[in-house]
Amino acid sequence: MTRIAVFASGKGSNFRALVEAGKAGAHPGEIVLLISDKPGAGALDIARDCGIETLVIEPVKPRGRLDETSELRFLEACRERAVEWICLAGFMRILGDRLLAGYADRVLNIHPSLLPSFPGLDAQTQAWEHGVGVSGCTVHFVDRGVDTGPIVLQRAVIREPEDSAADLAARILVQEHLAYAEALSRLLTGAWRRQGRRILFDPFMTSNTSQSEDKLS
Ligand code: GRF
């Protein structure tokens, strides 16, 4: 089992989906820690219900990039628990260089649009207001930017003519829950490598150790 920490700021449905998928054997990760930057995050309650250790690390500033002190606390908490991979699930913070260097090629995020379209906040509403016919979700590696890292996996969702932005967001969320577990499973159980921005999976090989040709920048 691969030891995983999840960082979440919100209600935690993606976190719950990852926990349940792991229990069902859909990915070989064991979620050992949930860290939130928000003391009232619903994800914390879910973790407690599931018997997963929780930590709240509240940065000085209420939003934006993690300050250096908080970032070190996140990093140390993960290292102390021998965490191998980090999954961001509705974590409303930008990570800094220390965390990204400490977990190079081992930090994932889920975003509710087909990147590179509609990065940033309220992606589902951005897509709906833009009038797209298809949106979806993206699991990607995290780099220094906002939703800019290499794409692992995407799932498309059709916008129906009668959809409100909330309808579209709800159907995207269903796909997010499936996509995150699938991406984790593929990365942890299969051989893969990165070529430039492209993540390539080898369908004919399996390996417990994921591979990367070059480090994410
Ligand atoms: C999800 O739509 C996720 O893609 C985005 O924030 C939302 C979090 O939802 N980054 P939840 O807290 O996982 O329910």
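Atoms within each ligand, like the ligands themselves, are counted from 1 in listed order. Computed from heavy atoms alone, side chains included, the values below leave out hydrogens, waters and symmetry copies. Residue numbers count from 1 along this sequence. Just so you know, these numbers come straight off a predicted model, no measurement behind them.
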Self-check item: Arg155/Glu182 salt bridge by N-O under 4.0 Å criterion
Solution: yes
Self-check item: Note, Phe141 side chain near Leu187 side chain (heavy atom, < 4.5 Å)
Solution: yes
Quiz item: Looking at Ile46, Leu44, Ile52, which one forms a side chain to side chain contact (heavy atoms under 4.5 Å, CB included) with Arg48?
Solution: Leu44
Quiz prompt | Close side-chain approach of His140 and His111, heavy atoms under 4.5 Å | solution = yes
Quiz item: Got Ile86 and Phe74 here, is their nearest side-chain heavy-atom distance under 4.5 Å?
Solution: no
Quiz item: Less than 4.5 Å apart, any side-chain heavy atom of Val152 and any of Phe201?
Solution: yes
What short N/O contacts, under 3.5 Å, does ligand 1 make with the protein, listed by atom pair and distance?
{"residue": "ligand 1", "atom": "2 (O)", "partner": "Glu176", "partner atom": "OE1", "Å": "3.1"}
{"residue": "ligand 1", "atom": "2 (O)", "partner": "Glu176", "partner atom": "OE2", "Å": "3.0"}
{"residue": "ligand 1", "atom": "4 (O)", "partner": "Ile110", "partner atom": "O", "Å": "3.4"}
{"residue": "ligand 1", "atom": "4 (O)", "partner": "Glu176", "partner atom": "OE1", "Å": "2.5"}
{"residue": "ligand 1", "atom": "12 (O)", "partner": "Lys11", "partner atom": "N", "Å": "3.3"}
{"residue": "ligand 1", "atom": "12 (O)", "partner": "Gly12", "partner atom": "N", "Å": "2.8"}
{"residue": "ligand 1", "atom": "13 (O)", "partner": "Ser13", "partner atom": "N", "Å": "3.3"}
{"residue": "ligand 1", "atom": "13 (O)", "partner": "Asn14", "partner atom": "N", "Å": "2.9"}
{"residue": "ligand 1", "atom": "13 (O)", "partner": "Asn14", "partner atom": "ND2", "Å": "3.0"}
{"residue": "ligand 1", "atom": "14 (O)", "partner": "Lys11", "partner atom": "NZ", "Å": "3.2"}
{"residue": "ligand 1", "atom": "14 (O)", "partner": "Ser13", "partner atom": "N", "Å": "2.8"}
{"residue": "ligand 1", "atom": "14 (O)", "partner": "Ser13", "partner atom": "OG", "Å": "2.5"}

